Number of protein chains: 2
Amino acid sequence: MTDLTSTGAATAPIKRGRGEKSSATIYDIAKLAGVNPSTVSRALSKPGRVSAKTQKIIEDAAAELNYQVNPFARALPTGRTQTIGLIVADITNPTFFDIIRGAETTGSARDYTLVLAESAESPETEVTAARRLLSTVDGLILASPRMDDDQIRDLAADKPVAVINREITGVPCVVPDVNKGISEAVRSLAANGHQKLAYVAGPAQSWMTGRRWEGVKAAAEWSKLSAVRLESSKPTVDGGRQVARDVLESGATAVITYNDLLAIGLMQELQAGGMSVPDQISIVGFDDIFGADFTTPALTTVRSPLGECGTRAVTILLDMLQGHEAPLEAVRVETELVVRGSSGRLLV
Amino acid sequence: MTDLTSTGAATAPIKRGRGEKSSATIYDIAKLAGVNPSTVSRALSKPGRVSAKTQKIIEDAAAELNYQVNPFARALPTGRTQTIGLIVADITNPTFFDIIRGAETTGSARDYTLVLAESAESPETEVTAARRLLSTVDGLILASPRMDDDQIRDLAADKPVAVINREITGVPCVVPDVNKGISEAVRSLAANGHQKLAYVAGPAQSWMTGRRWEGVKAAAEWSKLSAVRLESSKPTVDGGRQVARDVLESGATAVITYNDLLAIGLMQELQAGGMSVPDQISIVGFDDIFGADFTTPALTTVRSPLGECGTRAVTILLDMLQGHEAPLEAVRVETELVVRGSSGRLLV
DNA sequence: CGCGTTTTGTCAACCGGTTGCCAAATATTG
DNA sequence: CAATATTTGGCAACCGGTTGACAAAACGCG
């Protein structure tokens with residue numbers, strides 16, 4: 001850090017890192033076009049504020065110098081950065097891939113750049129990252145946040161914030177409505193002769209794991225199935241493997257897991273132990289992540305349209321930035337059951 | 001864009017988005033500490049420039065006001081942004097996950113923020129994104145770039161650039177050295193009785209597909225196997241399915257594919273057609289992506305340490321930013337064969 | 001053609017830091 | 001204790017845009 005400034009360039013005309021053509025400024029344009037810099041600024045960002053004639057002259061000059069605004073110079077007085085932040089718990093968790101992509105795509109379509117940060121599943125890192133990011137972006141998206149409701153409201157008091165996969169009053173949220181997908185799943189399991197159902201839960205800090213369990217419980221009751229909740233150590237393939245033993249002991253013939261990774265790990269472990277899926281036990285995951293159809297049998301899962309969640313969150317944010325009000329109600333997106341090979345008729 | 005500025009806020013005290021406590025500045029600190037703003041600036045960013053005593057006074061004042069630098073104000077005069085850009089062809093392509101994570105982790109460890117952009121596999125979008133990003137970051141990483149060598153050199157002339165998965169003279173590169181992994185793979189196939197080998201190539205713009213083919217060809221020659229090259233339509237699961245027919249026609253009993261997705265698609269299609277893997281045909285992928293072990297049999301693959309590539313690229317970049325020279329030679333990282341179930345003895 | 005209105009462009013201040021240069025304060029030395 | 005060397009802090013300019021206030025120019029109208 002220190003060296004950075006003291007190394008060379010002491011005598012040289014310090015400018016831009018190492019580039020030579022230290023890009024044109026509005027002053028250069030002004031000189032070339034024979035007008036005042038402020039006129040250039042207006043021509044370039046306040047449509048209609050200058051006459052069509054000068055507008056053209058300025059635009060031509062800008063093109064000739066191939067001018068690009070300096071985002072920092074613009075951000076300094078205005079606070080606008082044309083940037084939105086996205087915080088996810090774990091970059092390598094495929095659940096987030098679609099969210100990231102949805103957000104990135106929608107953002108760039110409206111000339112916003114996405115800045116990504118990871119919280120490594122830790123509430124503390126998450127808050128730190130959020131604070132750091134918040135000062136440099138126009139708005140923030142929290143995907144499956146682990147921090148407190150109040151901390152989120154704090155952030156939201158500073159700048160527009162949208163939350164994905166969790167519902168918090170007073171903050172705009174986009175949440176998959178699990179009920180449709182879950183009831184489809186439970187009904188389908190009931191129709192296939194299952195009577196005892198297990199739900200493998202995710203991390204305690206996850207708001208979603210609770211919603212999903214409630215959905216499963218309710219749907220099971222409705223379909224006259226018994227349902228038990230089992231805890232997993234972590235929401236990964238490995239966690240799924242570890243919970244296999246509990247699943248067997250529970251006597252359930254159908255399992256719904258908090259997410260697909262758990263389902264995959266569970267299925268691998270059960271198969272390794274000689275169980276046949278779905279003949280002896282049916283497995284249903286959650287999210288339809290990348291790779292859910294790589295398994296044999298392919299995984300039946302409740303799909304959340306995560307790409308859409310990303311898109312919606314960005315849209316809400318950008319709307320808020322334009323002065324629109326945040327939606328009072330959480331935006332709900334539909335979930336659906338994707339039937340593949342891992343669930344089916346119970347062969348006694 | 002337009003509306004954004006003209007909508008509201010005309011009468012309101014425009015300040016910071018909507019926050020109230022529009023964060024403290026060095027001027028506030030200076031007032032509180034009874035010193036000059038420039039002294040504050042020095043205390044906070046030039047270790048050793050001010051006396052320990054004033055240093056402490058200033059730090060206390062900063063803490064009390066819980067001051068955070070305004071990154072834009074800092075970036076404006078210095079050009080430093082504490083930010084590095086990463087451009088990938090496709091965010092949802094799992095090949096990049098590890099690169100992204102490696103880069104993110106290494107970056108944040110050194111207080112750099114990662115900005116991510118996607119080129120959607122298009123050389124044009126890629127150049128645009130790169131240019132846009134370049135002006136706002138301290139350095140840029142291109143992962144598997146699709147643009148011309150010269151365009152990359154152009155970028156590199158402006159700011160530090162590092163390239164992953166491609167070798168370009170004059171630009172620092174991090175490339176997996178495929179030879180070790182490939183020869184392990186080919187030797188293992190030869191040892192298992194295979195004589196005819198097929199390589200399923202990736203997209204023509206991909207520099208890597210050529211390297212891998214050359215590696216396969218050379219290793220095959222050395223092991224006295226025959227090798228043919230087949231083209232795929234796209235480097236995805238679907239592309240793998242489509243190439244299955246050509247693979248069968250080629251008469252090869254062992255296949256190495258450009259990447260894991262192709263391998264998985266190919267395996268699924270062959271199995272669906274009644275072939276047994278690996279008894280009748282062995283399949284080896286490339287990259288060991290997330291999910292490569294979800295398949296049955298799990299995929300044998302040549303693993304590139306992509307996380308390490310990300311880490312190395314960031315390290316090179318940050319070193320360059322500290323004034324170090326860019327490494328003249330491409331940095332090579334080792335690849336290795338990960339033997340799983342999809343390759344093995346040929347049962348005739 | 002003169003007057004009021006609207007449009008268009010200029011001036012200057014500001015956003016919040018950084019840094020070269022200089023003078024004051026302090027430390028070192030003979 | 002004076003003279004010199006070294007720290008330390010202050011001043012002011014600058015980075016590159018934005019924007020409110022105002023004046024000049026262009027326009028409309030009786």
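Convention: sequence-line order gives letters A, B, ...; per-chain numbering from 1. For clarity, every value in this text was computed on a predicted model and none was experimentally measured.
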Colleague: Between A:Asp158 and A:Arg131, is there a side-chain N and carboxylate O pair less than 4.0 Å apart?
Modeller: yes
Colleague: Tell me if a side-chain donor or acceptor on A:Arg166 pairs with a main-chain N or O of A:Leu142 at a distance below 3.5 Å.
Modeller: no
Colleague: Considering heavy-atom distances to DNA chain D, does A:Ala73 or B:Ala52 have its closest nucleotide positioned more toward the 5' end?
Modeller: B:Ala52
Colleague: Take B:Tyr67 and B:Val40, measure what side chain to side chain contact (heavy atoms under 4.5 Å, CB included) needs, and give me the verdict at the end.
Modeller: CA-CA 11 Å; B:Tyr67 168 79; B:Val40 176; over 6 Å; no
Colleague: Quick one: does any side-chain atom of A:Thr106 pair with a main-chain N or O of A:Gly102 as donor and acceptor, under 3.5 Å?
Modeller: yes
Colleague: Within the structure, does a side-chain N or O atom of A:Arg74 lie under 4.0 Å from either OP1 or OP2 of D:dT18?
Modeller: yes
Colleague: Over how many whole Å does the gap from A:Lys31 atom NZ to C:dT10 atom P extend?
Modeller: 15 Å
Colleague: Under 4.0 Å from any atom of DNA chain D, heavy atoms only: list the residues of residues 35-45 of chain B that qualify, in numerical order.
Modeller: B:Val35, B:Asn36, B:Ser38, B:Thr39, B:Arg42
Colleague: List in chain and number order the residues that pass salt bridge (Lys or Arg N to Asp or Glu O under 4.0 Å) with B:Arg132, two or more places apart in sequence or in another chain; answer none if no residue qualifies.
Modeller: none
Colleague: Check this for me: does any side-chain nitrogen of one of B:Asp98 and B:Arg101 sit under 4.0 Å from a carboxylate oxygen of the other?
Modeller: no
Colleague: Please check the phosphate of C:dG20 (OP1 and OP2 only) for any side-chain N or O of B:Arg49 closer than 4.0 Å.
Modeller: no
Colleague: Please give, in whole Å, the distance from C:dG17 P to A:Leu76 CG?
Modeller: 9 Å
Colleague: So do the side chains of B:Tyr112 and B:Asp138 get within less than 4.5 Å of each other, counting heavy atoms only?
Modeller: yes
Colleague: With heavy-atom distances below 4.5 Å as the criterion, would you say the side chains of A:Asn70 and A:Thr25 are in contact?
Modeller: no
Colleague: Whole-Å distance between D:dC15 P and A:Asp28 CG?
Modeller: 11 Å
Colleague: Ignoring the backbone of A:Ile26, work out which of C:dT18, D:dT18, C:dG9 is nearest its side chain.
Modeller: D:dT18
Colleague: Report for the helix from C:dC1-D:dG30 to C:dG30-D:dC1: angle between first-end and last-end helix axes, five pairs each, rounded to 10 degrees.
Modeller: 30°
Colleague: Taking atom C1' of C:dA25 as reference, at what distance in whole Å does atom NZ of B:Lys53 sit?
Modeller: 11 Å
Colleague: Does A:Lys46 put a side-chain nitrogen or oxygen below 4.0 Å from OP1 or OP2 of D:dT19?
Modeller: yes
Colleague: Are the side chains of B:Leu114 and A:Leu116 in touch, meaning some heavy atoms are under 4.5 Å apart?
Modeller: no
Colleague: Between atom CD in A:Gln55 and atom P in C:dT7, what is the gap in whole Å?
Modeller: 16 Å
Colleague: What integer distance in Å separates B:Ile29:CD1 from C:dG16:P?
Modeller: 12 Å
Colleague: Heavy atoms only, 4.0 Å cut-off, all strands: where does B:Tyr27 land among base, sugar-phosphate and nothing?
Modeller: base
